Amino acid sequence: FGEKPADPNDPAELIRVATENLEAVRRRKASDRRPASYDSILAPLDKLLLKARGMLESETYDPVNDYAALRAITPPVIDIATKADTQARNETGMLTKEYRFNSQKAEACQYLASALWDRINRTLPEQSGFFNEGTPYPAGDMQELRRILDMGVQADPENGELFYARGILNRAEGLFGPAARDLEQAASTRNSFPGAWNTLGLVRINLKEFDKAEAAFERARAMALEEANNLKQEPGAEYIAIVYNLAMLQENLAAHYARENRISASVENQRRLAKHTAQARRYLQEFLQREPADSPDDKEALAKLQALWR
């Protein structure tokens, strides 16, 4: 009895094949009748990336328990793609994008960063069933996450998902200026990216750029609503979150101008107070119509709406 043949789609086998084919490309000579092809490296790497994406999109994927399996796939793709890109450049002087190794490297970084970020958030302690925002992120994991994202962005400056993830990371670490730049770059890479505009609105609030925050939220809201209309379905959770952010921004601005008007009553303060109060009511009412009752956000929105009607 012979050994059972290796499964050609097993990740370990795909890594072995890609590594062997890279070595064959390195050893090839101009006199070879059938020189080894860079396509023979691309193909197994593409299969590995499909497996990584399939894992992340699976309903059974567990960010904590399955992280090691995801990590067994993505770093080898990054390593092999980097070496293949270097070999191609040294050998022919061609642009990397001609062989797609950089985009493969960036895609692997994207999946690895997504998995690591989910694992970080799932392992943070909770308070009363909710994430305790006072809990510091683990420094080592955050440093590794930044390294992965920086490497991915350098490999493919057109990958909006990587800029989006790095923008979220920068915001989490209080780096609001870099976060805004990354999120603007993310939004510019796709015609419709409501998530990037929504997070950019939050960053603009951190920067106390309230007009820009409102504009970012409004753009996110319009995009999310258009996407829902195109799919002929009711707006989903992303849209509801954007409306909530708009409601909280407008309520806070209304409260600000109410204080300003008490300190120094003026026609302008009264005009701004009336404007932001009306907009806050509008968005709070829409949020309450769409958000499931009794959620923490629902209760906060209801309390703020009741206060605005007094």
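In what follows, residues are counted from 1 in the order of the sequence shown. From a predicted model like this one, the values you see are computed outputs, not experimental measurements.
Closest non-hydrogen pair, Cys109 versus Ile148, comes out as O-CG2, 3.4 Å. When every heavy atom of Ile15 is checked against every heavy atom of Ala72, the shortest pair comes out as CD1-O, 3.7 Å. Across all their heavy atoms, Pro44 and Val17 have their closest contact at CG-CG1, 4.3 Å. Nearest heavy-atom pair, Leu124 versus Pro138, reported as atom, atom and distance to 0.1 Å: CD2-CD, 4.0 Å. For Ala301 against Phe287, the heavy-atom pair with the smallest separation is CB-CD2, 3.6 Å. Nearest heavy atom pair, residue Ala108 against residue Val77, reads CB-CG1, 3.8 Å.
Using a cut-off of 4.0 Å between Lys/Arg side-chain N and Asp/Glu carboxylate O, Arg204 and Glu184 are scored as salt-bridged. A salt bridge between Glu251 and Arg281 is absent, with no side-chain N of the basic residue lying under 4.0 Å from a carboxylate O of the acidic one. Using a cutoff of 4.0 Å between basic side-chain nitrogens and carboxylate oxygens, Glu260 and Arg272 are not scored as salt-bridged. A salt bridge links Arg290 with Glu286; the closest basic N to acidic carboxylate O contact falls under 4.0 Å. In this structure, Glu23 does not pair ionically with Lys83, as no charged nitrogen and carboxylate oxygen lie closer than 4.0 Å. One finds no salt bridge joining Arg122 and Asp62 here, because no Lys/Arg side-chain nitrogen approaches an Asp/Glu carboxylate oxygen to under 4.0 Å. A salt bridge does not link Arg27 to Glu20: none of the charged nitrogens lies less than 4.0 Å from a carboxylate oxygen.
Cation-pi geometry between Arg190 and Phe193 is met: the NZ or CZ atom falls under 6.0 Å from the ring centre, inside 45° of the normal.
Residues Met248 and Tyr283 form no side-chain contact, since every pair of their non-hydrogen atoms from C-beta on lies 4.5 Å or further apart. Leu48 is listed as a side-chain neighbour of Pro11, based on a closest heavy-atom distance under 4.5 Å. Put simply, the side chain of Asn198 does not reach to within 4.5 Å of the side chain of Glu238, judged on heavy atoms. For the pair Asp150 and Arg166, the minimum side-chain heavy-atom distance is below 4.5 Å. Contact of the Tyr137 side chain with the Trp117 side chain is registered, since non-hydrogen atoms from C-beta on lie closer than 4.5 Å. A heavy-atom distance below 4.5 Å is not found between the side chains of Gln104 and Asp85. The side-chain heavy atoms of Ser295 and Lys299, taken from C-beta on, include no pair separated by under 4.5 Å. Contact annotation: the side chain of Gln143 never approaches that of Arg146 to less than 4.5 Å [non-hydrogen atoms, C-beta and beyond].
In the displayed structure, Asp211 atom CG is contacted under 6.0 Å by at most 12 heavy atoms of other residues, nucleotides or ligands. By the neighbour-count criterion of 12 heavy atoms within 6.0 Å, atom CD of Gln154 is sparsely surrounded, having that number or fewer from other residues, nucleotides or ligands. The neighbour count for Asn191 CG, taken as heavy atoms of other residues, nucleotides or ligands under 6.0 Å away, does not exceed 12.
Judged by distance alone, with hydrogens and angles left aside, the side-chain atoms of Ser114 form no donor-acceptor pair with the main-chain N or O of Gln110 at under 3.5 Å.
No close placement of the Trp197 and Tyr164 rings is indicated, their centers lying 6.0 Å or farther apart.
Side-chain contact annotation: Glu226 with Ser192, donor-acceptor N/O pair under 3.5 Å absent.
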